[in-house]
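Presented below is the structure to which this report refers.
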Amino acid sequence: MAVDFDGAIGRGLLQSFLVTLAVTLLAVGLSWLFGTAAAILMQERFRGRGTLRALFLVPYALPVYTAVMTWAFMFQRDNGMINHVLADQLHLTGGDRPFWLIGGNSFWALVTVIVWRSWPFAFLILMAGLQNVPRDLYEASALDGAGMWRQIRHITLPSLRPINQVLVLVLFLWTFNDFNTPFVLFGKAAPAGGDLISVHIYHASFVTWNFGTGSAMSVLLLLFLLLVTAVYLIATSISARTSPGGSGGSAPLKDRRPAHG
């Protein structure tokens, strides 16, 4: 059975696909950014670093149902902590209490929960990868006059390129296929802003009992993810071969020490 994109079912699937793609790109980008920043900061030695590392991993270690249900209570309009802070404490909403689990705000609520659960995984993987970067590179670059941002650009990020290639792909596939987070957060009937394709397929298959349509949607989802994976792996392989560092090594820093006449 094929999905007719000119009909109501096809338009609903296309809308769900676009929402899922937007949520995935935004959540993966923010998760990678937060994870990278935290991993770099945790390389410096300071008191309480071990405790802070453990706290960063708490969202990833918590059971999905427990974590998402906690966020669902926090997003409640009348009694939730989010509106209490934004409306009552900071007065950022003009005295109005917005709905977070229905309407357009459901998109941002879903992105927030997914990022909160995903970024510790990125932090853990990148922190482990940074252990293999020799400290001599940073010391030598500091002697050459390189600041923190140049070290991150020319040493840290190139050294983490092989890890980032795998990490971004894994985060993309996990987020695009995520069913537990939107299902626990919104229930069976997700709002349009939080209607991820996994929940959309579930609704078509097990709520409306249209297994033919659900099967067709599942096949299309599988083909899309296979295509994305293949294109991504080919693109990253070409980029690794054509980059100056070869297989992901750090690019050399130019010596900016002043010449002595």
Are [X] and [Y] close enough that some pair of their side-chain heavy atoms sits under 4.5 Å apart?
X      : Y      : value
Gln165 : Leu169 : no
Arg117 : Val68  : yes
Val23  : Trp108 : no
Phe123 : Arg53  : yes

Calculate, to the nearest 0.5 Å, the distance between atoms [atom1] and [atom2] belonging to [X] and [Y] respectively.
X      : Y      : atom1 : atom2 : value
Leu13  : Ser16  : CG    : OG    : 6.5 Å
Ile9   : Leu14  : CD1   : CG    : 14.0 Å
Leu171 : Phe121 : CG    : CZ    : 6.5 Å
Met42  : Leu130 : CE    : CG    : 12.0 Å
Ser141 : Leu137 : OG    : CG    : 7.5 Å
Leu18  : Gln15  : CG    : CD    : 6.0 Å

Discussion item. Under the criterion side chain to side chain contact (heavy atoms under 4.5 Å, CB included), I'd like the reasoning laid out for Val228 against Phe176: C-alpha separation, chi angles, the key distance, then a yes or no.
Written reply: CA-CA 11 Å; Val228 169; Phe176 206 93; over 6 Å; no
Does [X] have any side-chain contact (heavy atoms from CB on, under 4.5 Å) partners at least two apart in sequence or in another chain, and if so, which?
X      : result
Arg153 : none
Ile201 : Ile197, Ser205, Met217, Ser218, Leu221
Ala87  : Thr93, Arg97
Met148 : Ile152

Which heavy atom of [X] sits nearest to which heavy atom of [Y], and what is that distance?
X      : Y      : result
Pro158 : Pro162 : O-CD, 4.2 Å
Pro191 : Gly103 : CB-N, 4.1 Å
Glu44  : Arg135 : OE2-NH2, 4.4 Å
Pro59  : Pro120 : CB-CG, 3.9 Å

Does [X] have any side chain to side chain donor-acceptor pair (under 3.5 Å) partners at least two apart in sequence or in another chain, and if so, which?
X      : result
Asn105 : none
Gln89  : His84
Thr229 : none
His203 : none

Scan the side chains in residues 24-40 for donor-acceptor partners under 3.5 Å anywhere in the protein, sequence neighbours excluded, and list what turns up.
unit_1: Thr24; atom_1: OG1; unit_2: Thr20; atom_2: O; d: 2.7
unit_1: Ser31; atom_1: OG; unit_2: Ala27; atom_2: O; d: 2.7
unit_1: Trp32; atom_1: NE1; unit_2: Asn164; atom_2: OD1; d: 2.7
unit_1: Thr36; atom_1: OG1; unit_2: Trp32; atom_2: O; d: 2.7

Quick check on the hydrophobic clustering: are [X] and [Y] connected, directly or via other members, by side-chain heavy-atom contacts under 4.5 Å?
X      : Y      : result
Val170 : Ile114 : no
Val133 : Met127 : no
Leu124 : Phe172 : no
Trp174 : Leu222 : no
Leu157 : Leu41  : no

Discussion item. Could you check whether Thr156 and Tyr138, counting side-chain N and O atoms only, form a donor-acceptor pair closer than 3.5 Å?
Written reply: yes
Discussion item. Does either side chain, that of Thr175 or that of Asp178, offer a donor lying less than 3.5 Å from an acceptor on the other one?
Written reply: no
Practice prompt. Determine, using ring centers only, whether Tyr60 and Trp119 are less than 6.0 Å apart.
Written response: no
Worksheet item: Mind checking whether Phe75 and Phe99 have ring centres under 6.0 Å apart?
Response: no
Fill in: Candidates Val199, Val113, Leu196 - the one meeting side chain to side chain contact (heavy atoms under 4.5 Å, CB included) with Thr181
Val113
Worksheet item: Stepwise, does the side chain to side chain contact (heavy atoms under 4.5 Å, CB included) test hold for Ile102 with Phe186?
Response: CA-CA 8 Å; Ile102 60 176; Phe186 302 120; over 6 Å; no
Worksheet item: Residues in ring pair (Phe, Tyr, Trp, His ring centres under 6.0 Å) with Trp209, at least two apart?
Response: Phe211
Fill in: Test ring pair (Phe, Tyr, Trp, His ring centres under 6.0 Å) applied to Tyr232 - qualifying residues, sequence neighbours left out
none
Worksheet item: Between the side chain of Asn83 and the main-chain N/O of Pro98, is any donor-acceptor distance below 3.5 Å?
Response: yes
Fill in: Side-chain donor/acceptor of Ser118 to backbone N/O of Val115, under 3.5 Å
no
Fill in: Residues, nucleotides or ligands: over 12 heavy atoms within 6.0 Å of Phe179 CZ
yes
Item to complete: Report, as yes or no, whether the 6.0 Å neighbourhood of atom CG on Asn79 holds more than 12 heavy atoms from other residues, nucleotides or ligands.
Response: no
Fill in: Pairs meeting criterion side-chain hydrogen bond (donor to acceptor under 3.5 Å, both in side chains) with involvement of residues 183-202, two or more places apart
Asp195-His200
Worksheet item: side chain to side chain contact (heavy atoms under 4.5 Å, CB included) between Leu101 and Gln76: does it pass, once the steps are laid out?
Response: CA-CA 7 Å; Leu101 300 180; Gln76 291 296 321; 3.9 Å; yes
Item to complete: Step by step, work out the side chain to side chain contact (heavy atoms under 4.5 Å, CB included) result for Leu126 and Ile163.
Response: CA-CA 7 Å; Leu126 293 171; Ile163 296 175; 4.2 Å; yes
